[in-house]
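Below: one structure, written as structure tokens.
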Amino acid sequence: MPELAKGFDHAQVDPKWYAFWEEIGAFRADPSSDRPRFSMVLPPPNVTGSLHIGHALNHTLPDIIVRWKRMQGFDVLWLPGTDHAGIATQNVVEKQLAQEGRTRHDLGREAFEARVWDWVRQSKQTITGQMRKLGESVDWSRERFTLDEQLSRAVRREFVTLYRDGLVYRDRYIVNWCPRCRTALSDLEVVHRETAGRLYYLRYPRVDGRGAVTVATTRPETMLGDTAVAVNPDDERYRHLVGVRLRLPVIGRELPVIADAFVDPAFGTGAVKVTPAHDPNDFAMGNRHSLPAVAVIDEDGRMTAQAGPYAGQDRFKARAALVADLERDGLIEKVEEHRHAVGHCERCGTVVEPLVSLQWWVKIAPLAAEAIRAVEEGRIRFVPENWTRTYYEWMTNIHDWCISRQLWWGHRIPAWYCDACGGMIVAEETPAACACGGALRQETDVLDTWFSSGLWPFSTLGWPDATEDLARYYPTSLLITGFDIIFFWVARMIMLGLRFAGDVPFRDVYITALVRDERGQKMSKSKGNVVDPLKIIDDIGADALRFTLASMASPGMDIALSEGRLTGYRQFINKIWNASRFLLMNLGGQTGRPAVPSFDSLALIHRWVLHRVSQVARDVGRALTDYRFDVAASLVYQFFWHEYADWYIEMVKPHLQADEPERGQAVAVLLEVHDRLLRLLHPFIPFVTEEIWQTMPGRAADGLARDGVHRSIALAAFPAYEPAWIDEEAAAAMALLQEVTTAIRTARAERGVPPSRRLTVLIEGADAGQARLLSEGGEYIRRLAGLERLEFAASVPRSPDTVRQVVRQLQIHIPLAGIVDREAEQQRIRKELARLEKQLAGIDARLANADFRERADPDVVQEAERQRGDLGLQHQKLERILAELVG
RNA sequence: GGGCGGUUAGCUCAGUGGUAGAGCACUGGCCUUACACGCCGGCUGUCACAGGUUCGAAUCCUGUACCGCCCACCA
């Protein structure tokens, strides 16, 4: 006799089934299969990271889709892996070293890399273990890491090809430099933060001694590197000064006054100091006017020898010292408070220093043009679609991509320099020697992490080799990821996929929302409001967390994770568990799966529940097709709890106590429906459904088996819509039984009739069909409403001891001798009448409106008339009851 | 400066043209042998504000207010 424990113990159950799925290869893709394919790649988490709540969402949603597709019979590949996350990982290990009082330079490059590898191997276990805890149905046999040899070869192929096509170049240019990480950063790795700063007005004396020009700057220390002062050519105030020479304070260098349209006459004084070495705008201006660039800040953020008296000082200390000196010399006209956006390093928070340096770049415009076209042509679809605009916006204003990083952890750039002849070789494999015979030295820089992540949808499938997997699973079907990496990752995959894999990397992109805390605040360590998904999993189980996330994943909306919702769905898991226990307790030795008897021979409740479960399966499928995880979850939640458990299970109980064949029929239908519900729920809550399903006798015979045996619900068929079970009549009949039952329950609850008191109820005014139905279904009503007897009558004598409820055109008489309070009854009926009158007034107003009758949809008019009729009838009956109560 | 989103029950959120819903919370009654993480009832809303379109607006349009996000080389 199969049995379930009293409570669902996720901590004990979940790992057991995950191990089982891996053991039977339930998630393994099969490229030789003749089934249609469905493929996704998992956005690779940072290898040294830990599963956070954002991952939980971004991994749960694709898992739902993938499990659903697998159950629908697709050959599914969901490919997992991790990202080496260059700068982030290097920083973590450098911090570890710092605690030992060492730097990476103490170790040297090789030893440092070895150290990072050690940490990575260990950390990878953590994150992949956490992914298993969440229940992710990925194909671990195809797990990849961006630094795998084959993926590294893909990166070299990418680099070399782009170089040969003239899309990768090396140039001295102004870059975002992090003095803490000591590396260049791409524009995307710089985060701008609104900061309270100061605007300093500095006086630059004219060389000819005829006064001075005042410039405004937020970064006075950069003045040491000024090589000009610029004004707008149309600015009347300054036109006469163009060409005049100024004397740079402290340094003494002569600066020309130049005219450049970039200068905004309305800002500051309308005269701008120009520091080509430390400001992107000034750099561009310097190029336009052939100005020298004087670097006064070095790669560590310290002042250079060019900074005169401040040489060697930290850039911020130098600022303070310089301001004090200028103040003393009367060269500061004024200082204003000024809020402005300051660039910070995304990874370490240090204020970014624009510096001129020699870096590798990707010429992006040609790649972007193709990527824009692919979306315009509809070859890629964003869901929700408003992200399309964001994508275009960025793609259109994109700048060349700085891909070199002065780090040690990452793909080393495959370029070699020959000191003998000054030549350079770019090649996929290490060249033996320079053509001139000189020794070669490899570029020390590594590539931006995203330069390799951008290949992920095809490098993981074997590219650049023409593998079976690549042919079968590329392009992938769908990508699900967060909006925060649309630019970093999604856009680059599109550009690189088109360029290298010959097609878009995915058809649909579902962009998930940001998970926030209960009050809608962004989670951050500093705010201390971070919700740890692993703790939630420990507390209430992965299933409850998954169901909550799915329920709250409405398109385009941020998710404020609420404790209340989590509790609610944990209780749902419990409900499922207990309903399953009930089922198993009532099998009475049933070991196989009995066939469902012919539909027409079934009792009403059985026809109704099959009708509904069929509809729900259809609706859930539709919702998932539209990526409406919230709608799908809510449909199955509502049905399971408030139709199947609240009504069907309650109504089926007497059938289970009955003799054969009634009992057998009930068992067969109950098993059928329960099985379907478990399968419907499985993509959302895989663990608990597997645990229950495994205890059920005679599992679904229509499943997909790997080896001819149905071993896991994960491989069973997703429930289908069954047209043969559609039975609107049964649905209508059930609705009436439910309404009558509820009316009686309400009447007794409102008057505090104890449940132990069995009542006799009379129903008046039923037509022939209703009378037949109500007497056939009388047993259910009696049971659910706590009645002794249920009787029908054409007319029932009035009695002051009787409470009357009106359901449609039926009057329900509930004799409650000694309980009925005439005053209270009158009040209740007046209240009910008032409610009806309000509704009637609304409908009457509409119906009285000729325009409404003319212009509204005829169906709507008809529906309004029907309602008007029903409500009018109810109103009449209640008025009569009231009159009798008063009289 | 540009772009996007939000404002619905005490809380977290669904609802995109026919007169408002869910979960939690609250509340009354029940340990009715699947479930007290439960069962049966009940309460709760000028759908941010102001105009407009429409027979009809939470839903479409315009504007306002507040909240939030993204992008941005105005010092």
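Throughout, protein chains are lettered first and strands after them, A, B, ... in sequence-line order, and every chain is numbered starting at 1. Only heavy atoms go into these numbers, but all of them, side chains included; no hydrogens, no water, no symmetry mates.
The separation of B/C39 from B/C31, taken at their P atoms, amounts to 16 Å, rounded to a whole angstrom. B/G28 and B/A20: their P atoms are spaced 28 Å apart (whole Å). Look at the C1' atom in both B/G6 and B/C47: the space between them is 14 Å, to the nearest Å. For the C1' atoms, the distance from B/A14 to B/G23 is 11 Å, rounded to whole Å. On the P atoms, B/G29 is 37 Å away from B/A48, given to the nearest whole Å. A gap of 27 Å separates the C1' atoms of B/U54 and B/A65, to the nearest Å. Spacing of C1' atoms, B/C60 relative to B/U53, comes out at 8 Å, to the nearest Å. For the P atoms, the distance linking B/C67 with B/U8 amounts to 15 Å, nearest Å.
Looking at the side chain of A/Asp646, the nearest of the listed nucleotides B/C40, B/C71, B/G23 is B/C40. Considering only the side chain of A/Ala341, B/A72 comes nearest among B/A72, B/C69, B/U19. You'll find that the side chain of A/Arg628 is closest to B/A14, out of B/G41, B/A14, B/U12. In this structure, the nucleotide among B/A14, B/A34, B/A75 sitting nearest to the side chain of A/Lys575 is B/A34. Nearest to the side-chain atoms of A/Met552 among the listed nucleotides B/C69, B/A34, B/U12 stands B/U12. Nearest nucleotide to the A/Lys831 side chain, out of B/A34, B/C43, B/G23: B/C43. For A/Lys6, counting side-chain heavy atoms from C-beta on, the closest listed nucleotide (B/C71, B/U12, B/A36) is B/A36. Considering only side-chain atoms of A/Arg846, the nucleotide from B/C70, B/A22, B/U19 that sits closest is B/U19. The side chain of A/Phe267 lies closest to B/C74, out of B/C74, B/C24, B/A14. Considering only side-chain atoms of A/Ser554, the nucleotide from B/A75, B/A14, B/C71 that sits closest is B/A14.
Each of A/Gln571 and A/Phe582 has a nearest nucleotide on RNA chain B; the 5'-most of these lies closest to A/Phe582. With the nearest nucleotide of RNA chain B identified for both A/Val860 and A/Trp577, A/Val860 has the one nearer the 5' end.
Donor-acceptor pairing under 3.5 Å, judged by distance alone, is absent between the side chain of A/Glu393 and the base of B/A72.
Salt bridge annotation for A/Arg748-A/Glu750: absent, with no cationic side-chain nitrogen under 4.0 angstrom from a carboxylate oxygen. The pair A/Asp851-A/Arg853 does not meet the salt-bridge criterion, since no charged nitrogen lies less than 4.0 angstrom from a carboxylate oxygen. Salt-bridge formation is detected for the pair A/Glu353/A/Arg315: a Lys NZ or Arg NE/NH1/NH2 atom is positioned less than 4.0 Å from an Asp or Glu carboxylate oxygen.
Residue A/Arg389 is in sugar-phosphate contact alone, with no base atom involved, counting any heavy-atom pair closer than 4.0 Å across all strands shown. Here A/Ile649 lies in heavy-atom contact (under 4.0 Å) with a base. Among the protein residues, A/Phe262 comes within range of the nucleic acid bases, having at least one heavy atom under 4.0 Å from a base atom. Within 4.0 Å (heavy atoms only), A/Glu650 reaches at least one base atom of the nucleic acid. Within 4.0 Å (heavy atoms only), A/Arg745 reaches sugar-phosphate atoms of the nucleic acid but no base atom. Using a 4.0 Å heavy-atom distance criterion, A/Lys653 is classed as a base contact. The residue A/Arg565 sits close to a base: some heavy atom pair falls under 4.0 Å. Residue contacts shown for A/Phe572 are absent, as no nucleic acid heavy atom lies under 4.0 Å away. Note on A/Thr567: nothing from the nucleic acid sits closer than 4.0 angstrom, heavy atoms only. Residue A/Asn849 is classed as a sugar-phosphate contact, given heavy-atom separations below 4.0 Å to backbone atoms only. Using a 4.0 Å heavy-atom distance criterion, A/Ala864 is classed as making no nucleic acid contact. Counting any heavy atom pair closer than 4.0 Å across all strands shown, A/His642 reaches sugar-phosphate atoms only and no base atom. As judged by a 4.0 angstrom heavy-atom cut-off over every strand, A/Ser551 is placed among residues making no nucleic acid contact. In this structure, A/Thr746 reaches the sugar-phosphate backbone alone: every heavy-atom distance under 4.0 Å involves primed, P, OP1 or OP2 atoms, never a base.
Between the P atom of B/C70 and the CD atom of A/Glu194 lies a distance of 13 Å, rounded to the nearest Å. A/Phe488 has its CZ atom 12 Å from the P atom of B/C70, to the nearest Å. Look at CG on A/Asp630: it is 15 Å from P on B/G23, rounded to the nearest Å. Atom-to-atom, CG of A/Asn386 to P of B/U16 comes out at 15 Å; the value is rounded to the nearest Å. What separates CZ of A/Arg581 from P of B/A36 is a distance of 9 Å, to the nearest Å. Going from atom CG of A/Leu188 over to atom P of B/C70 covers 13 Å, rounded to whole Å. When rounded to the nearest whole Å, the span between CG of A/Leu784 and P of B/C40 equals 9 Å. Atom CZ in A/Arg828 sits about 16 Å away from atom C1' in B/G28, given to the nearest Å.
Note on A/Trp394: every side-chain N or O is 4.0 Å or more away from OP1 and OP2 of B/C4. Phosphate proximity of B/A75 to A/Thr217: absent, as no side-chain N or O sits under 4.0 Å from OP1 or OP2.
Counting only N and O atoms by type, the side chains of A/Glu650 and A/Tyr780 include no donor and acceptor under 3.5 Å apart.
Across all strands shown, B/A22 pairs with B/U12; the Watson-Crick or G-U wobble distances both stay below 3.5 Å. Of the nucleotides present, none pairs with B/C43 by Watson-Crick or G-U wobble criteria with both distances under 3.5 Å.
Applying the side chain to side chain contact (heavy atoms under 4.5 Å, CB included) rule to A/Ala491 yields the partners A/Tyr391, A/Trp394, A/Met395; only residues at least two apart in sequence or on another chain are considered.
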How far apart are the C-alpha atoms of A/Arg868 and A/Glu863, what are their side-chain angles, what is the distance that settles it, and do they pass the salt bridge (charged side-chain N to carboxylate O under 4.0 Å, His left out) test? CA-CA 8 Å; A/Arg868 160 73 245 217; A/Glu863 172 61 18; over 6 Å; no

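Taking the centre of each ring, A/His338 and A/Phe267 come in below the 6.0 Å mark. A ring-centre distance under 6.0 Å is found for A/Tyr510 and A/Phe629.
A/Tyr637 does not carry A/Lys575 over the face of its six-membered ring by the limits of under 6.0 Å from the centre and within 45° of the normal.
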